[in-house]
Amino acid sequence: MKYEFDAIEKKWQQRWEGSKPYAAITGDKRPKFYGLIEFPYPSAAGLHVGHPRPFTAMDVICRKKRMEGYNVLFPIGFDAFGLPTENFAIKNHIHPSIVTKNNIENFTRQLKMLGYSFDWERVVDTTDPDYYKWTQWIFLQLYKHGLAYKATMPVNWCTSCKCVLANEEVVEGVCERCGSEVIRKEKSQWMLRITEYAQRLVDDLDALDFIDRVKTQQRNWIGRSTGAQVVFKATTGDDIPIFTTRPDTMFGVTYMVLSPEHALVHQWLPLLENADEVTAYQRVAASKSDLERTELNKDKTGVLLRGVRGVNPVNGEEIPIFISDYVLSTYGTGAIMAVPGHDQRDWEFAKKFDLPIIEVVAGGDVEKEAFVAKDDTAVMVNSGFLNGLTVRDAIPAMTKWLAEQGIGEAKVNFKLRDWVFSRQRYWGEPIPMVFCPQCGWVPLPESELPLVLPNVESYEPTDDGESPLSKMTDWVNCDCPNCGGPAKRETDTMPQWAGSSWYFLRYMDPHNDKEAVSRAAEEYWGPVDWYNGGMEHTTLHLLYSRFWHKFLYDIGVVHTPEPYAKRTSHGMILGNNPHYVGNVETEEEKQALIEKYGSMALRQYVKMSKSLGNVVNPDDVVKAYGADTMRLYIMFIGDFEKTASWSDEAVKGSKRFLDRCWNLMEQAKDDPQHSRKNEAVIHRTIKKVTEDIDQLKMNTAIAALMTMVNEFYANGCTKGDLQTLILLLSPFAPHLAEEMWELTGYAASTGVMAMQHPWPKYDEALMVEQEKEIAVQVGGKLRATVVIPLNADDETVLGIVYANEKIARLMEGMEVVKTIIVKNKLVNLILKPKK
RNA sequence: GCCGGUGUGAUGGAAUGGUAGACGUGACGGACUCAAAAUCCGUUGGGCUAAUCCCCCGUGUGGGUUCGAGUCCCACCACCGGCACCA
């Protein structure tokens, strides 16, 4: 009988559709397990092979958890608002809602084709008004708690998307989505005060079971630094607050720098002798794009403010004030004290403008370079009352002195900025706010939610930076909810990240029309036990959703301060590089490729992309080999956390393995017990598979199953052996497992599907053979192997070792100085010549 | 510059300080077949060799610790990722 994967997979998918064995039951008495994957963005291209990797892994985990007796919530949904859909709609003249509907249908078909054990009754779609009603509701709560505000400020503007971007969406000065140049533009935007939560977002990472690189990246991004805020005076009498991490170096301050946008610069302009020079510099600085601003190793530029000076509060000395764009208006106070002796940037600036450099920490040569001490035990010099103290002691001493003088205090600063939350695009959640000339910004009453996105004729973005919705005058003009007078709606929409910031909560209670999620459902399911997703979301979705969850915790919607107990991440799937030098024979061709493609030509595997034509479509793989082979291969491909390379050839190996499993049915003896010969390998494999799945080491779990099957072929097997194999295989290849389970008769006799059978248990005592081959080393080098009885005592082992012909030969004329015996593993003999 | 990570056969990748290369792909040899595919069995790190006997070498490089190092320590090289004029 042949393994007809096509028919088998259809058959079982239909059965699951009917009997719904994957439904999660809120409130059930079994222990709960909430496994979460990042819901996909339903693009027109459909699933690519990057999706099945995390999806299959979590499916395997969830299937195993069910067999272990857990009540499992494994949901799926669609993050369907966003630019690609809108752009596709513009190009093809189809309404985004139609595009979305079609794409979701296609994704659903593909996901079902792969046999995932999602609870399909809980599907969430972020573009559904019943869903985004609650996204809008959360926004209103943020607004009511002072965490949403409208502000005019320079924002990142993507020249291609014609839309503002959050800082998190700008990567190396370009738009993370389309790669176009990002410029700074002065715009009035809705902002979310994520900075209010910066401290908690850092602190609470400690207790979470997140992989380290996620924690590190979030900490990097939030960028906490501790120091002091100090008020310097200007000769005009104005206060100039600055932030420094090194208050100990204040005696080394020889000038100050303000950012070009600093408010005091505007205020002082009439007093300045060189006002023209100053305004010219401001103009240049303002016109720079993010890319230009962050260019490496660029020269320090700046302008001295002539007519105003600063005063160093520790010694009363007057110092010059400059403006320079190396000081950022958005960090700290937008002004710094400059200590050129001990800060590289200040040093470069001082050299360029010929400013004095004072050494205040001993140990370097400040004329040659800034001395930035690596440890804090260096000693203070030229620093008045700090002289002789170590840096470690000088920092608190100075901080204390500043506080006593009333001119400074300890302060923590963050790199994290508030979240720019509005987008000048159509396909997003409308922001439920109204602007009234009398009352200002007024939130829509909750009773009017959802504020439904209206149908418009054209969703083209506009060059003037207004949302397409602004042209919908019928919709825009409304009554003020406060005074009833004429008012206008906000026409910007929410960013892509809004809907995904809380979707995992909606899965817990997806059909609730009274609340975002009921407290009871949330208390039962929350927090998510295991969340797997891409590293690219670490400082986007993952950070945003932690912020929203903390806010929801503060207002009593959820019962834990963190949404996800555990976070893991998968590596990317790479495809064949068509321009790889290894693909050609001659030197000339190789040189030509290197010339044309540079370093890319040297890489055998690269990111899959349409332009390279190396994209693998899961539909094709399933058609050729079946879903179970696809699932198995994507799990076997390599270390889950690392990037892996797709190989059409290697897929066959997974298919071959499933064929071998299937073909075992013909030769299995009709005996429900394990065969004696296979007992040990079976128990070892149960242990290995059980532990490896929990650690996401799917590749080695599958390798162990392959080893076991190889043993079955070598030893013969019983139906009992086979049934254990089926159970262990069922999370990976569920369709094949169910069919084999039925055919081997277990289901017929008990009415239980493989997936409903308890997960096999192993017995340590049965795991080992009665005989063991161990290594014999002489002086640490392997010289022979011998077979010993399991757990033999040292004397017996040495007897066997000495009886070995080769060892005996090596021992001729030698005496044993030392023997090292590792039980059931190895013997190491240290020899020296006999006298 | 700072912070992480990685480096193992032709190839994807395995190895709680204890027989390096599990498992898979590819290649080679054999069985079955008129033949091919599929399947099954075997071989497959390099050198030396008549030999699947010995011996030597071998996990990016150079040192070290240890009876024993892919694994631990020190220094370096290469690649990948994150942050970056953040005071």
Side-chain angles (χ1 to χ4, degrees), chain A residues 2 171-172 212-225 227 242-246 249 257 259 293-298 300 324-328 330-339 342-346 348-349 372 413-417 535-536 538-539 571 582 599 602-605 633 636-639 641-654 656-657 659-660 663 697 699-707 709-710 713-714 773-785 806 809 817-831:
Chain A
K2 200 168 165 271
V171 178
E172 284 167 6
D212 283 340
R213 46 194 183 129
V214 168
K215 289 190 186 186
T216 309
Q217 277 186 32
Q218 287 208 348
R219 285 196 191 103
N220 265 348
W221 184 258
I222 296 167
R224 170 167 56 193
S225 45
I242 59 97
F243 173 72
T244 178
T245 54
R246 295 293 302 278
T249 61
V257 187
S259 70
R293 254 186 43 237
T294 55
E295 251 178 309
L296 297 173
N297 298 329
K298 63 178 186 147
K300 296 279 177 291
S324 172
D325 63 1
Y326 86 86
V327 173
L328 308 176
T330 43
Y331 184 76
T333 62
I336 64 159
M337 62 177 210
V339 186
H342 305 283
D343 181 283
Q344 188 56 33
R345 293 151 300 168
D346 295 348
E348 284 166 22
F349 192 88
V372 186
N413 251 318
F414 298 93
K415 282 196 263 188
L416 186 71
R417 322 264 172 85
M535 282 307 291
E536 70 276 19
T538 301
T539 54
S599 66
L602 301 173
R603 283 185 223 146
Q604 191 172 354
Y605 300 98
Y633 176 64
F636 187 58
I637 196 165
D639 186 329
E641 296 204 341
K642 291 190 202 142
T643 50
S645 325
W646 181 270
S647 159
D648 286 324
E649 283 302 312
V651 180
K652 290 179 192 159
S654 294
R656 228 170 259 166
F657 169 67
D659 278 330
R660 276 164 72 76
N663 292 336
K697 291 164 77 175
N699 51 336
T700 48
I702 293 166
L705 288 169
M706 288 172 168
T707 305
V709 167
N710 291 345
Y713 270 91
E773 190 191 50
I774 64 164
V776 183
Q777 297 181 340
V778 175
K781 279 184 189 281
L782 180 72
R783 293 300 176 198
T785 57
K806 192 174 162 191
R809 204 168 61 236
V817 180
K818 192 176 176 188
T819 52
I820 293 129
I821 301 177
V822 182
K823 198 169 188 182
N824 293 329
K825 276 238 163 101
L826 120 172
V827 173
N828 189 5
L829 304 173
I830 314 302
L831 305 180

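Chain letters run A, B, ... following the sequence lines, proteins first and then strands; every chain starts at 1. Because the structure is a prediction, the values reported are computed rather than measured.
Positionally, the nearest nucleotide of RNA chain B for A:R660 lies more toward the 5' end than for the other of A:R660 and A:G223. Judged by closest nucleotide on RNA chain B, A:A784 is the one of A:A784 and A:I820 placed further toward the 5' end.
Put simply, NZ on A:K823 is 20 Å from C1' on B:G17, counting in whole angstrom units. Rounded to whole Å, the distance from CZ on A:F657 to P on B:C40 is 12 Å. When rounded to the nearest whole Å, the span between CG of A:L416 and P of B:C83 equals 13 Å. Note: CG (A:N828) to C1' (B:G18) measures 9 Å, nearest angstrom. Taking atom CG of residue A:N663 and atom P of nucleotide B:C40, one finds them 7 Å apart after rounding to whole Å. A straight line from CD of A:Q217 to P of B:C2 spans 18 Å, rounded to a whole angstrom. We find that NZ of A:K652 is positioned 10 Å from P of B:U25, with the value rounded to whole Å. Between the P atom of B:G58 and the CG atom of A:L782 lies a distance of 15 Å, rounded to the nearest Å.
Using a 4.0 Å heavy-atom cutoff across all strands shown, A:N710 reaches sugar-phosphate atoms only and no base atom. Using a 4.0 Å heavy-atom distance criterion, A:Q344 is classed as making no nucleic acid contact. Among the heavy atoms of the strands, none lies under 4.0 Å from A:V339. Residue A:T244 is in sugar-phosphate contact alone, with no base atom involved, counting any heavy-atom pair closer than 4.0 Å across all strands shown. Residue contacts shown for A:L826 include a base, since a base heavy atom lies under 4.0 Å away.
Comparing B:G45 with B:G70, their C1' atoms are spaced 15 Å from each other, to the whole Å. If you take atom P in B:U43 and the same atom in B:G24, they sit 13 Å apart, rounded to whole Å. Taking atom P in both B:U16 and B:G7, the straight-line distance is 13 Å, to the nearest Å. To the nearest whole angstrom, the two P atoms, one in B:U59 and one in B:U71, are 9 Å apart. With both ends at atom C1', the span from B:G60 to B:G5 equals 15 Å, rounded to whole Å. One C1' atom belongs to B:C34, the other to B:A27, and the distance between them is 27 Å to the nearest Å. For the C1' atoms, the distance linking B:G12 with B:C3 amounts to 30 Å, nearest Å. For the P atoms, the distance from B:A38 to B:U25 is 12 Å, rounded to whole Å.
Ring pair A:W646/A:Y633 is perpendicular by interplanar angle, where above 60° counts as perpendicular and below 30° as parallel.
No donor-acceptor contact under 3.5 Å links the side chain of A:K781 to the base of B:U19.
For B:C54, the OP1/OP2 oxygens have no side-chain nitrogen or oxygen of A:R783 closer than 4.0 Å. A sub-4.0 Å separation between OP1 or OP2 of B:A22 and a side-chain N or O of A:K697 is absent.
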Fill in: Evaluation steps, side-chain contact (heavy atoms from CB on, under 4.5 Å), between A:Y331 and A:I336
CA-CA 10 Å; A:Y331 184 76; A:I336 64 159; over 6 Å; no
Worksheet entry | side-chain contact (heavy atoms from CB on, under 4.5 Å) between A:K415 and A:N220, worked out | CA-CA 9 Å; A:K415 282 196 263 188; A:N220 265 348; 5.9 Å; no
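Closest to the side chain of A:S225, out of B:C54, B:C67, B:A87, is B:A87. Considering only the side chain of A:R656, B:U39 comes nearest among B:U39, B:G68, B:A20.
Counting heavy atoms from C-beta on, the side chains of A:Q218 and A:K215 never come closer than 4.5 Å.
Partner assigned to B:C40 is B:G30, using Watson-Crick or G-U wobble distances below 3.5 angstrom. For B:C55, the paired base is B:G47 (Watson-Crick or G-U wobble, both distances below 3.5 Å). Judged by Watson-Crick or G-U wobble contacts below 3.5 Å, the nucleotide B:U65 has no partner. Of the nucleotides present, none pairs with B:U16 by Watson-Crick or G-U wobble criteria with both distances under 3.5 Å. Remark: B:A22 base-pairs with no nucleotide; criterion is Watson-Crick or G-U wobble with both hydrogen-bond distances under 3.5 Å. Applying the Watson-Crick and G-U wobble criteria (two distances, each under 3.5 Å), B:G81 pairs with B:C3.
In this structure, B:G9 shows a glycosidic angle within 90 degrees of zero, which is the syn conformation.
Judged purely by atom type and a 3.5 angstrom limit, A:D343 has no side-chain atom pairing as donor or acceptor with the backbone of A:V339.
A cation-pi contact links A:K300 to A:Y326, judged by a cut-off of 6.0 Å to the six-membered ring centre and 45° from its axis.
The NZ atom of A:K697 sits 13.5 Å away from the CD1 atom of A:I702 when rounded to the nearest 0.5 Å. The CG atom of A:D346 sits 8.5 Å away from atom CE of A:M337, with the distance rounded to the nearest 0.5 Å. To the nearest 0.5 angstrom, A:M535 atom CE is 4.5 Å from A:R213 atom CZ. Atom CD of residue A:Q777 and atom CG of residue A:L829 lie 9.5 Å apart, to the nearest 0.5 angstrom.
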Discussion item. I need a per-nucleotide contact map over nucleotides 3-13 of chain B, read 5' to 3'. Cutoff is protein heavy atoms under 4.0 Å; write B for the base, S for backbone only, - otherwise.
Written reply: S--------BS
